[in-house]
Peer 1: 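One structure coming up, written as structure tokens, with questions to follow.
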Protein chains: 2
Amino acid sequence: METLLKVLKEKGYKITPQRIAIYRVLNNTKEHPSAEIIYKKLEKEFPTMSLATIYKTLEIFKKSGLVQELNVGENSFRYDANVKDHPHIICLKCNKVDDLPENLFTHLKDEVGKVSDYKVLSKQLYFYGYCPVCKGE
Amino acid sequence: METLLKVLKEKGYKITPQRIAIYRVLNNTKEHPSAEIIYKKLEKEFPTMSLATIYKTLEIFKKSGLVQELNVGENSFRYDANVKDHPHIICLKCNKVDDLPENLFTHLKDEVGKVSDYKVLSKQLYFYGYCPVCKGE
DNA sequence: TTTAAATGGATAATTATTTTCTTTTAAGAA
DNA sequence: TTCTTAAAAGAAAATAATTATCCATTTAAA
């Protein structure tokens, strides 16, 4: 949370209750919520906050490196306050999105650089299957 | 192309000029076009074809395993007639999407299965950077 | 050739996201 | 602490991609 305050100040953005709340939601969950979900989680505490504020805030967070945007193949984006480069795994039945260990596959970027002629900067790795709960059904 | 005819027949879908044309576009390109792009590529040949037809057809192709849908982080999907599980690399400047060799990283699914308690079925690997053209600028 | 079922095309409807505009607020200056 | 003001919030309208609906037409199987 100090991270949030420090970064916002650094970049010249104002520190507002809404921004703090949105960051808190993201920082306290492992579930990689969408804008809509964040909105619902905060509607009791901030009854007047609009979805536009969520989107604008997420945009700022993204630009500032405070969150990363995930594209797991749904019709909306999800957000993760863990900005370290780490893979995700998605349950095809319950649509849960879990983290995978960050140290898994750290070497892949270099290998791709060798075979591709691209200057490789980042990656997004998504695995799909059935989660521990759903695979038993 | 025989694949298309065989699969459609197998699954009980009718073979129509539009479907053949859409599959032809996808099968003859490496550029992973979106629905919109496919639409534009075919508008001379099929001036009356609507975008809805493209979307409906892509849905059928997807369900039938004739194409795969890519989610490279844009606001629209891209489509690939190469349904083999292979990684992609996206240029952050010109937005080109290239294929990476299929045999790269075939073992990853098993490794994830070991550490995750998921039953892992598939994966999507996206790398980001600058393409050979753009990296020189 | 016949005919039921599937498809295509036009259009309206959805859904996620972005923009616009007005009011409110955070943060530094006085 | 109060004042000032640019930035932010909120409401509502606008976009853009995608999906659904409806009906005339086409396809494929008998």
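We name chains A, B, ... by the order of the sequence lines, and we start the count at 1 in each one. Because the structure is predicted, anything quoted here is derived from the model rather than measured.
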Peer 1: With a 4.0 Å cut-off on N to O distance, would you call B:E36 and B:R78 a salt bridge?
Peer 2: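 Looking at B:E36 and B:R78, the cut-off is not met.
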Peer 1: Does C:dG9 have OP1 or OP2 sitting under 4.0 Å from an N or O in the side chain of B:Q18?
Peer 2: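 Affirmative; the distance criterion is met.
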Peer 1: Taking NZ, NE, NH1 and NH2 as the nitrogens, is one of them in A:D85 or A:K123 under 4.0 Å from a carboxylate oxygen of the other?
Peer 2: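 A salt bridge links A:D85 with A:K123.
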Peer 1: Please report, rounded to the nearest Å, how far the P atom of C:dT17 is from the CD atom of A:E36.
Peer 2: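 To the nearest whole Å, that distance equals 9 Å.
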Peer 1: Nearest to the B:A35 side chain among C:dT17, D:dT18, D:dA11, which nucleotide is it?
Peer 2: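 From the listed options, D:dT18 comes nearest.
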Peer 1: Within the side chain of A:Q68, is there an N or O that forms a donor-acceptor pair under 3.5 Å with the backbone of A:K84?
Peer 2: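 At least one qualifying donor-acceptor pair exists.
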Peer 1: Could you please name the option among C:dA16, D:dT27, C:dT17 that lies closest to any side-chain atom of B:P17?
Peer 2: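 For the B:P17 side chain, the nearest candidate turns out to be D:dT27.
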Peer 1: Please report, rounded to the nearest Å, how far the C1' atom of C:dA13 is from the CG atom of A:N75.
Peer 2: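 Answer to the nearest Å: 15 Å.
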Peer 1: Just how far, in rounded Å, is P of C:dA16 from CD of A:E69?
Peer 2: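 Whole-Å distance recorded here is 15 Å.
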Peer 1: If I take atom CZ in residue B:F77 and atom P in nucleotide C:dT15, what distance separates them, rounded to the nearest angstrom?
Peer 2: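 Rounding to the nearest Å, CZ of B:F77 and P of C:dT15 are 15 Å apart.
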Peer 1: Nearest-nucleotide wise, let me know which of B:M49 and B:G12 is further upstream toward the 5' end of DNA chain C.
Peer 2: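 Nearest-nucleotide comparison on DNA chain C picks B:G12.
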Peer 1: If you measure from the Lys or Arg side-chain nitrogens to the Asp or Glu carboxylate oxygens, is any gap between A:E111 and A:K114 under 4.0 Å?
Peer 2: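 So A:E111 does not pair with A:K114 through a salt bridge.
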Peer 1: Taking 4.0 Å as the cut-off, does a side-chain nitrogen or oxygen of A:T16 come that near to OP1 or OP2 on D:dA7?
Peer 2: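 No, A:T16 has no side-chain N/O under 4.0 Å of OP1/OP2 on D:dA7.
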Peer 1: Roughly how many Å is it from NZ in B:K62 to C1' in D:dT19, rounded to a whole number?
Peer 2: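 Nearest whole value for this atom pair: 11 Å.
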Peer 1: A:R19 side chain N/O closer than 4.0 Å to the phosphate oxygens (OP1, OP2) of D:dA9?
Peer 2: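 Yes, because at least one side-chain N or O of A:R19 sits under 4.0 Å from OP1 or OP2 of D:dA9.
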Peer 1: Please confirm whether the shortest side-chain N or O distance from A:T48 to OP1 or OP2 of D:dG10 is below 4.0 Å.
Peer 2: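 Checking D:dG10 against A:T48, a side-chain N or O does come within under 4.0 Å of OP1 or OP2.
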Peer 1: Counting just side-chain N and O atoms, does A:T53 come under 4.0 Å of either OP1 or OP2 of D:dG10?
Peer 2: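 Result: yes.
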Peer 1: Is there a donor-acceptor contact under 3.5 Å linking the side chains of A:H88 and A:D99?
Peer 2: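 Yes, A:D99 and A:H88 have a side-chain donor paired with an acceptor closer than 3.5 Å.
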Peer 1: Classify the side chain of A:K14 versus the base of C:dG28 as yes if they form a donor-acceptor pair under 3.5 Å and no if they do not.
Peer 2: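 No.
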Peer 1: Expressed as a whole number of angstroms, how long is the span from A:E74:CD to C:dT17:C1'?
Peer 2: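 Interatomic distance, CD of A:E74 to C1' of C:dT17: 16 Å.
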Peer 1: 5'-most contact on DNA chain C: A:S34 or A:K56, nearest heavy atom basis?
Peer 2: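 Looking at DNA chain C, the more 5' nearest nucleotide goes with A:S34.
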Peer 1: Rounded to whole angstroms, how far apart are OH on B:Y39 and C1' on D:dA17?
Peer 2: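 In whole Å, D:dA17 C1' lies 14 Å from B:Y39 OH.
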Peer 1: Could you state the CG-P distance from B:L58 to D:dT18, rounded to the nearest angstrom?
Peer 2: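 In whole Å, D:dT18 P lies 9 Å from B:L58 CG.
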Peer 1: Start at the 5' end of DNA chain D and walk down; is the nucleotide closest to A:T57 or to B:Y55 reached first?
Peer 2: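 This one resolves to A:T57.
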